[in-house]
Protein chains: 2
Amino acid sequence: MLKRGAAAALACAICSIPASAQVQFHNNLMPQPAEMTVGSGGLALHSTFAVQLPGVSDARLTGAIDRAVRRIEFAAALRHAGRGVAGTTPLIVKVDHLSAPVQSIDEDESYSLHVTSTGAEIDAPNDLGAMHGLETFVQLVQPDGSGYVIPAVTIHDTPRFRWRGLMIDCGRHFEPVSVIKRTLDGMAAVKLNVFHWHLTEDQGFRMQSHVYPKLTELGFDGLFYTQEQAKEIVAYARARGIRVVPEFEMPGHSTAWLVAYPELASGTTPTEIRREFGVSNTAIDPTRDATYVFIDRFLTEMSTIFPDAYVHIGGDETPAPDWKTNPRILAFMKAHHLKDNEALQAYFNSRVLKILTRLHKHMMGWDEILTPTLPKDIVVQSWRGEASLSKGAKEGYAGILSAPYYLDGMKPAGVHYLADPIPSGSDLTPAEQKLILGGEVCMWGEQLDARTIDSRIWPRTAAIAERFWSPANVRDVNDMYRRLIPVSIELEGLGLTHISYEDAALRNLAGTENIDVLRTFASVFEPVPFHDRYQGQHTDQLTPLDGFVDAVRPDPPSRHNFELAVTRLLANPKEDTADRVALDAWFKQLANVVPQVQQQFPLSPRLAVVSTRAAQLTELTAMGQQALAYLAKGEKAPADWTTEQTNKLDEIKKPSALIRFTILDGMNELIQAASGVGQPQTTGSK
Amino acid sequence: MLKRGAAAALACAICSIPASAQVQFHNNLMPQPAEMTVGSGGLALHSTFAVQLPGVSDARLTGAIDRAVRRIEFAAALRHAGRGVAGTTPLIVKVDHLSAPVQSIDEDESYSLHVTSTGAEIDAPNDLGAMHGLETFVQLVQPDGSGYVIPAVTIHDTPRFRWRGLMIDCGRHFEPVSVIKRTLDGMAAVKLNVFHWHLTEDQGFRMQSHVYPKLTELGFDGLFYTQEQAKEIVAYARARGIRVVPEFEMPGHSTAWLVAYPELASGTTPTEIRREFGVSNTAIDPTRDATYVFIDRFLTEMSTIFPDAYVHIGGDETPAPDWKTNPRILAFMKAHHLKDNEALQAYFNSRVLKILTRLHKHMMGWDEILTPTLPKDIVVQSWRGEASLSKGAKEGYAGILSAPYYLDGMKPAGVHYLADPIPSGSDLTPAEQKLILGGEVCMWGEQLDARTIDSRIWPRTAAIAERFWSPANVRDVNDMYRRLIPVSIELEGLGLTHISYEDAALRNLAGTENIDVLRTFASVFEPVPFHDRYQGQHTDQLTPLDGFVDAVRPDPPSRHNFELAVTRLLANPKEDTADRVALDAWFKQLANVVPQVQQQFPLSPRLAVVSTRAAQLTELTAMGQQALAYLAKGEKAPADWTTEQTNKLDEIKKPSALIRFTILDGMNELIQAASGVGQPQTTGSK
């Protein structure tokens, strides 16, 4: 009994437990504010809490206040006071002027927040800034003794970048309105301000057009957004301080356009939407005037739904072999002195730009649209990387960075976190740096559905949101991971399912509610990156996303917790008994669950695909325990042992079941340390 | 290490683990079909699986097929074939004729399902029956070796009752459209066919009226369904074979009507909606013609949104003190020879009935509407119980039973399950029995929000749905609980959160993702019944539903699993070593988590409210272990010990933290057995 209790308690030693909450301020804010001074004490929260609005206000601001108040009441177990109730403990929200009806990229998003033991005040030039201040205020709620408080702080906050976006690809897999809404709630909580809505793909056209109804009527599985729904989402986003930039991919990634309206095609005319992924050969014909009449009428219709000043036309990945073989197109190119496909696409872009300009819209597109013929008011979204973005800035083009923020690469939050739109060594002039508007997280849709999308986006996107908002020198990965836990729980409270879906999927896989051992087993796995899964499974739009790979989360807590414990241990391999015992207990716990998971394989073929990984987990835990034993004895492991373990690790790194272990880096550090190869480590962050 | 492994494995002995899946048929169906013959072997599911529709079909049926196919593909890891793909392993769905545009209470819901090793066929007189057959087909998917099969079966199925409903009170707390939709998905999965939508209450008017816009404009927190949303829900329900019966409460429960239109009031004119619960004194004035003009115009408008043949007018709990004091009303009563409030309400009902008749609607109401002046085509919903319902039937009135299916009573599924609309000892004639149309589960909204509603409804409602559908002699509680596990997981797969929300709430309460010990601790608690919570907390509409009581689920698996293990043990107290060891290990596990949970109390005042319960859990586990020890020794416990434990149990039964233990009945059995008081028990079901 003692042993069991001890093991359970020690297993927690590698997990994160909140520190004692008495009195002192816990900085759980994400993103971190630009400036903060911490006072002593704080504002105790009671049912007398109420909001006063001495400045201007409108329905957007009062709606945001209502939502914030409900979250505070929920967090602090306060009875709901209702709007307009005169409380004795006020939060004063003072706004100078209301924002314009359509949120602009130049909008002032700053706010100040001042909390004392008697009250709190948010001051902002406009309601958008005040809404950011409210999100900060909600994150400040913390326990204190028998109740809850807002610690005394003074914050002056403003974002580092103006463009802080999340792109979701709803073309390859459709995402229901409810998913988009809860994602917008999450975005607002971490102060993101652009929802880039990727609405068309080879695999589906998701936006209803009344002018061209066949776009959603023909063969897209009936999965699209009605205009009413799109307007509802635009309004929902605006209510949360988020712009909606729609993307209609052209001239490539256009199979869905061409299935509906084959007369737009350059030659290849698909008869049905594409189920497989990858770059397609279809392209809209840039040489016919009818093409531009079509695009003009379509974009004019869309401008009644999407009020934002920017429209994204995609523009990437257009091999368009038809442009090299269709005699009519070749003749056109010759007549217009267009020497190659790139020149033809630049011509296309310039024609579309005219349409957008008439509609008072700025054009936005991926790297490929950047050609010297285009004016300087376009915005380039870089999927090629920071160097490509910098090059654009030097030529005078505004841009945003996306390459390091591709979530389907399944990288740890810490890796995304350290990637900066303007790295510290940047050679851009201050003027050029201003052209770097910010960045966008990209959630591509090949291997996503409505069940799995949340865990792919969150909580990693919260860490990236901090990169876009907070000062450049906020770069402590360990501290980010510490704060990622409360923000992740806050996001779950908003209705996101990024934590809870894993268990639901495991129950479904195992056919039982009793998943204690399976949960422990799953905790050390994560999905492989997009390309690895694509190669291993040949995923297409019809693949059921019901596997173990779909259940587990990218960058689950096990990686960082394990690496932290290893780092602490290796800094002090002989003295740090606590971490050694905790790690040993954790390895035992993992080893113990393996046979119990293996017993479930005959009952679930969908689960049994991880059988190789199960056997490997047994090997890994043995390896870890042996390494700990060598370290405990202060004895260098024999070379044979090291070679054997290294070989095993190499074997374990090979593809299997579309999942990978989260603990291999930490394990390798342990082995190297036990072999006397490495010095005591102090990194621990990835 | 061995000990820990043993304990973990043994702890599972009181949990449910699915049996081996090789070859043989596992009857996981819920509800059980009327007739079923099981063959040998089954239909192996491969990507060649496809549906053929040789009979009639329409968009509703093909939509239902698409959804069923996606669920089968997900369950069996099949690549999606797409509609109309010619597969070599067909499911033939043969329908004789399409259902009427508005689903009727008399609609034939029967179907046959025949599965062999080469194919499957669903035959039904209409698409509604075929849709039920599809739900059965989905539930039949089971693992077999390395893949999935549909076992060979022949089923002839038809429901026992025509009216199988779920009422949700969206008046006291609003539930978003997404919650209603996922609930409808769950209802269809267990073959419920009526969604009774309780739309008005003293606490809010939830249905938009363009004729009387103030009904939703004045003071209802902006939480209501637009007409578009209501139509969307009606269409969503119809697509799943579910009728929508709207309820507009009158003349009582009418504060929300009267806040908007005080001219309707009998005297007392509220100025704002009621935040507290319980019966109010407000009542619509039945004596003014203007009242009926209002109701006529309102119901005429509603009939354009709700096509169902039934409209529920509530009619319950109308003390209406104004009717006893308002001179004008008293004069009216005298002039019309109405001797008391009941007679006046009967007069009101007869006037409303005329309006509904003109709209070709049947009137429905709670017990109170049943007065001899009303014609026989009304339907009475009995909240008073089966005797009241039978009395109505003897007088020739049709009715449905609700009293035993009040989910806020927090009763175990097994208790609800055994309550029958026509109990076996019923003295009703066959003709009178036909007037018992069925039953309705009632989910009242006082202590609910969008987060907690799922676990209050599911999976208990699945067990009640079986009562309404399956033959009366399907009453094996243990078998029901066995089947409740897979159906609960199926429901979770449809997007319901009845299992997963508990963990999300615990993470929120504890402020950490690391809830292993808290989850174990929480597993033996459930919310107290509505009345107990109401008395303990004085819950009103503004109470934050963020406590431990809101996290835990009614009738969690621990109760039934514990009682099963105790029953097995007490049948064989000396020989059943396995159960004794398992129970002992489980008590130890529970005892071990208590101090770890207690450590978290200073960090979370919201969690710390359960501190008394935590101490009691320590007492209970000690008590259980001592009882096991007496039983193991075959030694009768001393009388002092028994008295002491019984006193402790009495103490533990007292209110604390709005939660109660699930293990008290089982524990009492153990204590009585150890004291030699009881004989070996064989009940185990509640």
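Naming convention: chains lettered A, B, ... in sequence-line order (proteins, then strands); numbering from 1 in each chain.
- A/R67 is linked by a side-chain contact (heavy atoms from CB on, under 4.5 Å) to A/A64, A/R240, counting only residues two or more places apart in sequence or in another chain.
- Residue contact with chain B, scored on non-hydrogen atoms closer than 4.5 Å, is absent for A/F601.
- Contact tally against chain A (heavy-atom pairs below 4.5 Å) for B/D516, B/I499, B/N508: the top residue is B/I499.
- Counting heavy-atom pairs closer than 4.5 Å to chain A, the top-ranked of the candidates B/G547, B/A75, B/G495, B/A505 is B/A75.
- No other option in B/S604, B/A504, B/A450 has as many heavy-atom pairs under 4.5 Å with chain A as B/A504.
- For A/P486, the side-chain contact (heavy atoms from CB on, under 4.5 Å) partners at least two apart in sequence or on another chain are A/N28.
- Other residues, nucleotides and ligands contribute only 12 or fewer heavy atoms inside 6.0 Å of the CD atom of A/E272.
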Item to complete: Step by step, work out the side-chain contact (heavy atoms from CB on, under 4.5 Å) result for B/R71 and B/F74.
Response: CA-CA 5 Å; B/R71 283 159 67 196; B/F74 192 90; 5.5 Å; no
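- Annotation: maximal heavy-atom pairing with chain A below 4.5 Å, among B/D540, B/D503, B/L545, occurs at B/D540.
- Options B/A608, B/G147, B/S178, B/P176 differ in how many heavy-atom pairs under 4.5 Å they form with chain A, and the most are formed by B/G147.
- Residues A/T539 and A/Q537 bring a donor and an acceptor atom of their side chains to less than 3.5 Å of each other.
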